[in-house]
Structures are given as structure tokens and as C-alpha cells.
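Below: one structure, written as C-alpha cells.
Values below: every heavy atom of this structure, side chains too, minus hydrogens, waters and symmetry copies. Residue numbers start from 1 in every chain, and the chains themselves are labelled A, B, ... in the order their sequence lines are given, proteins ahead of strands.
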Protein chains: 2
Amino acid sequence: MYSIDSRSAIPVYEQLKRQIVLRIVSDRLDEGEKLPSIRELAAALKINPNTVVKTYRQLETDGFVASRKGLGVFISTEARELQGDRNEIFKELTDDYISKAGGLGLKADEIMKGLSDRLKGEIEYDKNE
Amino acid sequence: MYSIDSRSAIPVYEQLKRQIVLRIVSDRLDEGEKLPSIRELAAALKINPNTVVKTYRQLETDGFVASRKGLGVFISTEARELQGDRNEIFKELTDDYISKAGGLGLKADEIMKGLSDRLKGEIEYDKNE
DNA sequence: ACTACTGTACTATGATAGTAATACAGATGA
DNA sequence: TCATCTGTATTACTATCATAGTACAGTAGT
């Protein structure tokens with residue numbers, strides 16, 4: 001389900017956070033759906049429960065999830081509070097992404113396909129265990 | 001030239017490393033070209049020289065650059081052959097892009113549409129053929 | 001020789017990341 | 001009630017990240 005690369009320079013809690021956000025963004029995690037319990041996920045990924053706590057807490061701060069003691073952590077149903085200038089920021093993000101990918105020699109359709117595949121989760125490229 | 005986000009979860013030395021590697025594989029840094037000196041780059045980015053040292057050392061380990069005491073750090077002549085991980089770099093770019101767009105509250109279809117619109121508007125990214 | 005660059009090495013300090021173990025409190029079903 | 005899940009909180013420890021400062025060695029121009 002989720003995968004952690006212990007050798008990555010990206011912190012474990014951040015790797016996990018990104019994977020969960022990706023699933024939410026691409027509707028592979030629905031509103032109200034329950035995430036794995038802290039202990040369960042920690043055991044499955046062979047990481048410390050405290051690290052999962054850190055991920056879940058940040059996701060809650062960002063408004064992606066809501067935790068209920070004794071019950072679990074659930075995908076937020078309420079719309080997240082969005083920044084007013086998010087369109088402008090998103091445009092800058094996109095142009096930066098296009099610029100970098102284009103610099104790598106990728107064509108428009110290749111960029112579109114790469115993003116699409118990742119959003120669909122069809123790419124399970126290994127982070128090398 | 002280079003930019004550092006001190007609030008990012010990705011370590012500073014790794015941010016810098018990725019930006020330099022991206023420039024190399026994007027042919028924006030040529031073989032034999034000299035990188036900024038450690039102290040100069042550290043001052044420009046307002047980071048510690050030791051952090052730049054760490055980046056340069058890892059780049060040398062990876063074969064991208066070669067350092068010469070008293071002279072500087074130069075793009076390795078074999079750096080060209082290391083462009084095999086363009087695909088890996090593109091995946092990193094894509095994950096970063098999705099992560100940031102997701103943080104803005106955008107869903108998959110919105111991201112796809114935004115990218116599509118910007119790609120249609122700007123053809124200049126395509127520097128090939 | 002002198003100066004001013006360059007990379008390199010080292011110690012020290014504080015913040016963050018991650019692990020480990022324990023304990024407490026809310027929810028649920030038998 | 002009791003057992004067992006759930007999130008939460010706390011303390012302790014190790015390793016890494018990043019900073020700061022100092023020192024040493026190689027290169028080049030004057």
C-alpha cells in the first residue's frame with residue numbers, strides 16, 4: 001500500500017505524507033474513509049509509531065484528515081480552507097514544472113502522460129526497497 | 001541561480017544537489033565547467049559552507065563533478081554518461097509538483113487541466129528538434 | 001615572497017528525525 | 001465489566017542536518 005525508502009534523503013514522515021496526499025488528490029481515498037491505525041501502519045511499514053503520528057498530525061494541520069480518539073484517523077469531509085491566490089501559485093508551480101521537464105527533453109505529451117500515470121497510481125516505481 | 005527553501009522537509013544539501021544534477025542532465029552545465037566556489041555559493045544562498053561541501057562531495061561520489069584543491073569543482077567529463085537517470089529525475093519533479101499542488105487543495109483533474117492549459121500556451125519549452 | 005583565492009579537515013553546538021518503551025484516555029463489542 | 005482496539009502524551013536515546021569557527025594545504029597572479 002505505502003512504501004518507505006529508508007535511504008532516501010526525504011524524511012520518512014514526509015514520504016508517507018506525500019503518498020497519502022497523492023491518494024487523496026487522486027480520489028483513491030474517499031471522504032470519511034478511515035486510514036490505517038497508527039500502530040498498524042507503523043508495523044506494516046516497519047517504522048516507529050511516533051513517525052506515523054507525525055505524518056497524521058501534519059495531515060490534520062493541513063486539513064486533509066481529522067482524528068478521533070478511540071476511533072481512528074479519517075479523510076476530512078469538510079472542504080479544506082484554501083488560499084485566495086492559489087491559482088497564481090499553481091500557475092507558477094506548473095510553469096516551473098514544465099520548464100524543468102522540458103529541459104530534460106520531454107515533449108508536451110510525455111509530460112502529460114507522466115503526470116497522468118502518477119496521478120492514476122499506475123506507476124509503482126520502486127524506491128529500491 | 002539556485003534557490004533554497006529552508007522550510008522544506010527536503011534537506012538543504014539535497015535540494016542543492018537536485019538542482020545541480022538537473023542542470024547537468026539538462027545540458028545547462030557543460031563538461032569541464034566550473035561550479036561556484038564553496039564559500040561563494042554558501043554566501044549567495046545564505047547557507048553554511050559545510051552544507052555546500054556535503055553537496056559537492058556527494059556529487060563527486062556520484063561522478064557528476066570532480067574537485068581540484070586550490071582550483072575549484074568542475075563538471076566531470078563522464079557526467080554525460082550519467083544521464084540515464086533522467087527518468088528518475090522526472091519522477092522526482094512530478095512527485096514534487098503533485099505534492100505542492102495537492103497542498104494547495106487541488107484535485108487530480110484540476111492539476112491535469114492546469115498543466116494542459118499551460119502546455120498549450122507555451123511551446124517554447126520544447127527545445128528539441 | 002606575498003596575497004588571495006581554492007578545497008579540505010576538524011571541533012563544537014543546537015535543532016530535527018527516528019526509534020523505543022511506557023502510560024493514559026476514549027470507543028467498541030463481547 | 002472487561003478486553004481490545006483507537007489516538008495521545010511523555011521520556012530517553014541515537015543519528016543526521018545545519019550552523020559556526022578555526023586551521024591547513026594547493027593554485028595562481030603580482
- Query: Is it the case that B:Arg23 places NZ or CZ above or below the six-membered ring of B:Tyr2, under 6.0 angstrom from the centre and within 45 degrees of the axis?
  - Reply: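 Because its charged atom sits under 6.0 Å from the ring centre and within 45° of the axis, B:Arg23 does stack over B:Tyr2.
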Under 4.0 Å: is that the gap between some side-chain N or O of [X] and OP1 or OP2 of [N]?
| X | N | answer |
| --- | --- | --- |
| B:Tyr13 | D:dA18 | no |
| B:Thr51 | D:dA18 | no |
| A:Ser67 | D:dG7 | no |
| A:Lys54 | C:dG18 | no |

Practice item. Let me see the working for A:Leu41 and A:Leu35 under side chain to side chain contact (heavy atoms under 4.5 Å, CB included), right down to the final yes or no. Key: CA-CA 9 Å; A:Leu41 186 52; A:Leu35 288 175; over 6 Å; no
Separation of [N] [atom2] from [X] [atom1] (nearest whole Å):
| X | N | atom1 | atom2 | result |
| --- | --- | --- | --- | --- |
| A:Glu14 | C:dT16 | CD | P | 15 Å |
| A:Tyr56 | D:dG7 | OH | P | 7 Å |
| A:Arg7 | C:dA17 | CZ | C1' | 18 Å |
| A:Leu41 | C:dT19 | CG | P | 12 Å |
| B:Gln58 | D:dT16 | CD | C1' | 12 Å |
| A:Arg57 | D:dG7 | CZ | P | 13 Å |
| A:Leu16 | C:dA17 | CG | P | 14 Å |
| A:Ile10 | D:dT16 | CD1 | C1' | 16 Å |

In terms of heavy-atom contacts, B:Gly105 and B:Glu110 come closest through O-OE1, 4.1 Å
- Minimum-distance pair of heavy atoms, taken over all atoms of B:Glu14 and B:Ile10: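 Where B:Glu14 meets B:Ile10 most closely, the heavy atoms are CG-CG2, 3.6 Å.
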(message) Does B:Arg28 form a side-chain hydrogen bond (donor to acceptor under 3.5 Å, both in side chains) with B:Ser26? I'd like the steps, not just the answer.
(response) CA-CA 5 Å; B:Arg28 299 193 56 189; B:Ser26 299; over 6 Å; no
Check: Are any of the side-chain nitrogens in A:Lys91 or A:Asp95 under 4.0 Å away from the carboxylate oxygens of its partner?
Finding: no
Between the CD1 atom in B:Ile75 and the CG atom in B:Asp30, the distance rounded to the nearest 0.5 Å is 8.5 Å
Reading nucleotides 21-30 of chain C from 5' to 3' and marking B where a protein heavy atom lies under 4.0 Å of the base, S where only the sugar-phosphate is that close, and - otherwise, the string is B-B--BSS--
